[in-house]
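The block underneath contains the structure these notes are about, expressed in structure tokens.
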Amino acid sequence: MRIFSPGRVNLIGDHTDYTGGFVLPMAIDRGLTLDIERCGPRIELTSDRFDEPATIELPQRDPDTIEPRWARYVAGVAAELGAVSGFSGTITSDLPVAGLSSSAALEVGVALALGYEGSRTELALACQRAEQRASGVPCGIMDQLTIATAEPGRAMLIDCRSLDVSGIEVPDDLEVVVVHSGEHRELIDSAYGERRRQCEAAEDLIGPLRHAERADAETITDPLLQKRARHVISENERVLRFVHQLQARNYKAAGSLMNDSHDSLRDDFEVSTPTLDNLVDELRATSGVFGARLTGAGFGGAVVALTEPGSLDVGFAVRPAGGARVVAP
Ligand code: GLA
């Protein structure tokens, strides 16, 4: 059996998913290919990106103790799905850079390899729990839900409260380019959890950020929590305005919302780095670039730019693609 599970890039809406806000990611035409055969009570996998293979006995109850560490994502899915019969096989990746959610691609791919047959939303939720168990990071639903539900040619507007997903066409006269900053994410584990707790603390003061308005954020007296809330509230607005501008083919306006998103992630949410900021500045100064921003969690990783086709000679152009699927029985 062959399964393809794509990576994802988020066009706009970062650090909004775990407070039930809006995000607009797309699955890309690159990802992981799993070639597997169903077999007995274990999973045996090799990966072209890691030296050590994964061997996971089933049923699996302690995914966070498995070595090598990449196998924890596989074990996490097996544990969440209560798998008793496994598979053996290989993973090959054609993801051009880090920061495109290879772990979520792995989780959703493994779930399909284990014969998962339920709804795509339940699939994403099980894989989110697997990621949290495997990494210890209290991630949101964006990555797994994108990879589980994406449609070719479309970015996915996700309402992270209801988990409703709607496809938004990405026109062919636009190019989406990902560029890696060269910076490996290191602070991410502890800082991500800290940001999430700060958002929760802001919600204790003004109620759900999803329903709050900018004026509500200004009532928070703690300056740090005020900034965090202002980012989330304004970012949710930007996602909806970006969808509107994309549909109206107003690419300049859409790009400028991406620029505002980066600035807010830098100044109010404080998840950018000088390297990311410089890269974003360079891209924005290139003719044909409508906008550029860090994408995903931040603290290093990748940048996404929206451009006229062929404007950039750095990075990789990606196309919106369908979600994880069995490509050969
Ligand atoms: C990581 C998480 C997502 C989301 C982004 C930031 O990719 O896995 O759930 O929170 O960071 O938008």
Side-chain angles (χ1 to χ4, degrees), residues 5-28 31 72-73 76-77 95 97-108 121 123-150 155-161 163 165 178 180-181 183-200 203 209-210 228 231-236 238-239 242 257-258 261-262 264-266 268-273 276 293-304:
S5 192
R8 69 96 186 95
V9 62
N10 189 18
L11 294 178
I12 193 162
D14 270 311
H15 290 281
T16 49
D17 62 348
Y18 47 81
T19 45
F22 296 104
V23 294
L24 188 72
M26 62 185 220
I28 61 173
R72 291 182 187 179
Y73 298 93
V77 175
L95 286 172
V97 298
L100 300 177
S101 266
S102 56
S103 62
L106 177 58
E107 291 144 15
V108 179
T121 309
L123 167 62
L125 287 165
C127 291
Q128 178 193 20
R129 291 192 299 270
E131 169 102 23
Q132 293 180 344
R133 283 174 82 167
S135 67
V137 177
C139 69
I141 191 67
M142 170 169 72
D143 305 338
Q144 291 80 8
L145 195 54
T146 309
I147 290 165
T149 64
M156 310 311 291
L157 173 63
I158 303 178
D159 175 335
C160 297
R161 190 170 56 113
L163 303 187
V165 177
V178 290
H180 200 264
S181 64
E183 232 174 356
H184 193 68
R185 294 180 163 143
E186 272 170 10
L187 277 172
I188 175 72
D189 290 13
S190 55
Y192 187 96
E194 183 188 65
R195 293 300 182 284
R196 191 168 174 156
R197 285 191 298 278
Q198 289 164 345
C199 288
E200 285 159 6
E203 290 194 314
L209 293 177
R210 156 67 183 262
R228 303 300 189 248
H231 165 70
V232 176
I233 295 166
S234 62
E235 186 80 349
N236 281 330
R238 279 186 290 270
V239 173
F242 182 93
L257 288 163
M258 288 173 77
S261 165
H262 181 85
S264 175
L265 287 159
R266 179 192 62 206
D268 280 345
F269 219 66
E270 295 177 285
V271 293
S272 191
T273 64
L276 284 170
R293 58 185 288 280
L294 73 82
T295 180
F299 303 103
V303 160
V304 60

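Here, residue 1 is the first one in the sequence, and each next residue gets the next number. This structure is a prediction, so every number in the text was calculated from the model and none was measured. We count ligands from 1, going down the list as the structure has it; atoms in each ligand are counted the same way. Atom set for the values below is all heavy atoms of this structure, side chains included, hydrogens, waters and symmetry mates excluded.
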Ring pair (Phe, Tyr, Trp, His ring centres under 6.0 Å) partners of His262, counting only residues at least two apart: none
Which residues share a salt bridge (Lys or Arg N to Asp or Glu O under 4.0 Å) with Glu200, sequence neighbours left out: Arg196
Residue pair Glu131 / Ser103, side-chain donor-acceptor N/O under 3.5 Å: yes
Derivation and outcome, salt bridge (Lys or Arg N to Asp or Glu O under 4.0 Å), residues Arg195 and Glu270: CA-CA 9 Å; Arg195 293 300 182 284; Glu270 295 177 285; 5.6 Å; no
Close residues, ligand 1: non-hydrogen atom nearer than 4.0 Å: Arg8, Asp14, His15, Asp17, Tyr18, Cys139, Gly140, Met142, Asp143, Tyr192, Gly296, Ala297
CD1 on Ile141 to CG on Asp159, rounded to 0.5 Å: 12.5 Å
Non-neighbouring partners of Arg8 that pass salt bridge (Lys or Arg N to Asp or Glu O under 4.0 Å), sequence neighbours left out: Asp143
